[in-house]
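Comments concern the structure below.
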Amino acid sequence: MSVIVRFAPSPTGYLHIGSARTALFNWLYARHHQGKMLLRIEDTDRARSTREAVDAIYKGLEWLGIDWDETPVHQFERMQRHVEVAQELLAIGMAYPCYCTPEELDEMRKEARAKGQPIRYDSRWRDRSPDEAPPGAQPVIRFKAPQKGNTVIHDLVQGEVHVSNYQLDDMIILRADGTPTYNLSVVVDDHDMGITHIIRGDDHLTNTFRQFQVYQAMGWKIPHFAHIPLIHGQDGAKLSKRHGALGIEAYRDMGYLPEALRNYLLRLGWSHGNHEIISTKEAIEWFDLDHVGKSPARFDFIKLANLNGHYIREMKNDDLLNLLIPFMEKKRLTLNPEALDLLKRGMNGLKQRAKTLVELADNALFYVTIPNLDEGAQKILDIEGLELLKLMEGYLSSFPETRWTEKNLEDYARKIAEEKNLKLGKLVQPLRAVLTGKTVSPSVFEILHILGKDKSLKRLQKYISSNIN
Ligand code: GLU
């Protein structure tokens with residue numbers, strides 16, 4: 001049997017980070033088994049399913065590098081087919097019209113609450129003849145759920161899970177206005193799309209029991225289920241806005257690389273020995289459902305940032321520069337060819353320190369503009385710092401441009417430090433402060449070299465002349 005999975009998001013305005021992980025697991029499972037990954041947009045909530053909300057899903061998946069097979073299915077367009085199956089269930093006696101009034105339902109609710117019992121419809125129209133229907137009333141159609149025994153699911157992640165059928169009432173499958181309900185539509189679509197494995201969040205487990213019963217009633221082959229635990233925040237509560245961003249595009253804007261986020265999401269709830277850095281090729285080779293954890297994984301921003309730093313360091317400088325440009329442009333900088341060249345040459349040093357593209361852009365700023373001094377840099381340039389700066393400016397002025405390389409500059413500074421009986425760090429820290437505006441940066445000698453003699457000295461001189469009392 002070849003594997004067919006699907007990712008079935010409901011448009012909410014963005015691709016939720018948890019949904020992105022579900023998509024990733026489905027995608028890896030399909031690719032691992034050389035099966036198919038289908039996409040179904042569950043757009044029956046017409047108010048929420050705007051063009052932008054649907055596009056956000058496509059864009060989010062594309063950014064993450066998750067593709068799908070075949071044309072995406074739009075659930076709303078299949079409504080007629082869902083109604084048809086409801087009619088079929090009626091015809092085979094597995095569904096029935098229910099004429100309960102809102103008042104009656106309210107009464108049932110109140111009674112259940114008073115007794116501290118779960119709220120359930122009491123099946124009062126299950127065996128009643130439609131002849132007894134109040135004239136002109138529009139019924140809902142309810143599913144004839146089994147009333148005895150248990151429904152048991154052998155979940156590929158959760159193991160055996162079961163519910164007593166008494167707890168599941170006869171759910172509505174067609175509303176009074178004739179529109180189908182969610183649990184019917186999902187089953188019909190999954191069946192018609194030939195889905196063999198349903199991999200989704202474990203918040204759907206209660207739906208699964210009901211859906212399982214519909215498969216049984218229709219005599220359809222039941223797919224395998226794998227319910228993956230949801231993502232929680234560091235405090236153990238379900239991931240929500242207060243923990244941080246939920247939409248995938250926010251992670252893009254914070255400067256995470258899709259490779260890093262994908263690696264992180266993969267490890268969030270799935271493991272392969274002690275491997276932390278996992279390439280896509282390895283992920284496809286290794287992914288299985290056996291090693292998906294049963295308990296919720298906690299989202300760890302520090303781990304994500306570290307992983308992102310790794311992928312930034314590993315990336316080719318040219319590719320990184322292309323990604324960096326929009327982040328620099330957000331700072332209202334226009335990058336002329338000279339600036340791009342400086343960034344490119346500075347990339348080796350810059351990328352060692354940045355955990356996100358936002359950080360990389362911040363750290364790279366000094367190559368393309370005269371930086372403002374941060375608090376630490378200002379502190380370094382106290383009276384003593386300024387004296388050291390002047391001293392070094394003098395020495396550097398007389399250093400020949402033809403020998404202006406990182407190595408030569410470093411040797412030169414070492415010699416001066418020795419002569420003056422100063423630590424090298426102490427001697428060059430004021431240079432760093434003026435050149436970069438910060439106390440931490442790539443090597444000062446690398447920066448001097450990349451900026452070149454002229455630019456470097458101008459920067460130092462400008463600072464000195466505006467700070468002479
Ligand atoms: N549309 C549902 C959601 O976004 C998923 C349904 C399913 O996977 O069966 O949570």
Side-chain angles (χ1 to χ4, degrees), residues 3-30 35-50 52-61 64 66 68 72-79 81-82 85 151 153 155-158 161 171 173 179-215 218 220-232 238-240 246-249 265 269 289 292 296:
V3 163
I4 305 179
V5 298
R6 74 343 181 239
F7 174 51
S10 310
T12 51
Y14 53 66
L15 179 62
H16 188 281
I17 186 95
S19 298
R21 187 187 55 154
T22 303
L24 178 66
F25 283 15
N26 273 287
W27 183 76
L28 289 172
Y29 196 72
K36 277 188 196 172
M37 153 91 166
L38 307 185
L39 181 59
R40 180 171 74 235
I41 307 291
E42 303 211 318
D43 54 355
T44 51
D45 180 342
R46 300 313 287 161
R48 300 190 89 180
S49 301
T50 59
E52 295 76 57
V54 175
D55 276 353
I57 295 170
Y58 289 134
K59 276 196 205 137
L61 290 174
L64 261 187
I66 295 177
W68 55 90
V73 171
H74 285 250
Q75 192 161 57
F76 180 69
E77 288 168 10
R78 293 181 34 83
M79 191 155 88
R81 168 71 181 143
H82 306 150
V85 173
T151 296
I153 290 160
D155 191 275
L156 296 177
V157 171
Q158 309 286 335
V161 277
M171 67 169 170
I173 53 174
T179 57
T181 57
Y182 173 72
N183 275 322
L184 174 71
S185 303
V186 168
V187 174
V188 177
D189 288 347
D190 283 335
H191 169 262
D192 290 1
M193 290 164 77
I195 303 303
T196 58
H197 292 73
I198 295 182
I199 305 170
R200 61 183 168 199
D202 68 6
D203 50 335
H204 284 283
L205 200 52
T206 40
N207 287 329
T208 304
F209 291 117
R210 293 182 180 278
Q211 293 173 13
F212 188 92
Q213 295 179 344
V214 176
Y215 281 99
M218 288 299 292
W220 286 344
K221 189 167 175 9
I222 298 171
H224 297 283
F225 291 99
H227 286 91
I228 54 181
L230 298 186
I231 301 174
H232 285 189
K238 193 178 147 186
L239 197 68
S240 70
L246 295 181
I248 210 89
E249 82 296 337
L265 289 177
L289 292 169
V292 173

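Both counts, for ligands and for their atoms, begin at 1 and track the order of listing. These values consider heavy atoms only, across backbone and side chains, with no hydrogens, waters or symmetry-generated copies.
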* Structure fact -> Contacts of Asp202 meeting salt bridge (Lys or Arg N to Asp or Glu O under 4.0 Å) (sequence neighbours excluded), chain-then-number -> none

* Do Gln75 and Asp43 have side-chain atoms, one donor and one acceptor, less than 3.5 Å apart? -> no

* Asked: Charged N to carboxylate O under 4.0 angstrom, Arg78 versus Asp192?
  -> yes

* Structure fact -> Tightest non-hydrogen contact, residues Leu265 and Phe25, listed as O-CE1, 3.9 Å

* Taking the side chain as every heavy atom from C-beta outward, state whether Glu42 and Val186 have any pair of such atoms under 4.5 Å apart. => yes

* Are side-chain N/O atoms of His82 and Asp189 paired as donor and acceptor at under 3.5 Å? -> yes

Please give the N or O to N or O pairs under 3.5 Å between ligand 1 and the protein, distances rounded to 0.1 Å.
| from | atom 1 | to | atom 2 | distance (Å) |
| --- | --- | --- | --- | --- |
| ligand 1 | 1 (N) | Ala8 | O | 2.7 |
| ligand 1 | 1 (N) | Ser10 | OG | 2.8 |
| ligand 1 | 1 (N) | Glu42 | OE1 | 2.6 |
| ligand 1 | 4 (O) | Ser10 | N | 3.2 |
| ligand 1 | 4 (O) | Ser10 | OG | 3.3 |
| ligand 1 | 8 (O) | Arg6 | NH1 | 2.8 |
| ligand 1 | 9 (O) | Arg6 | NH2 | 2.7 |
| ligand 1 | 9 (O) | Arg200 | NH1 | 2.6 |
| ligand 1 | 10 (O) | His204 | NE2 | 3.0 |

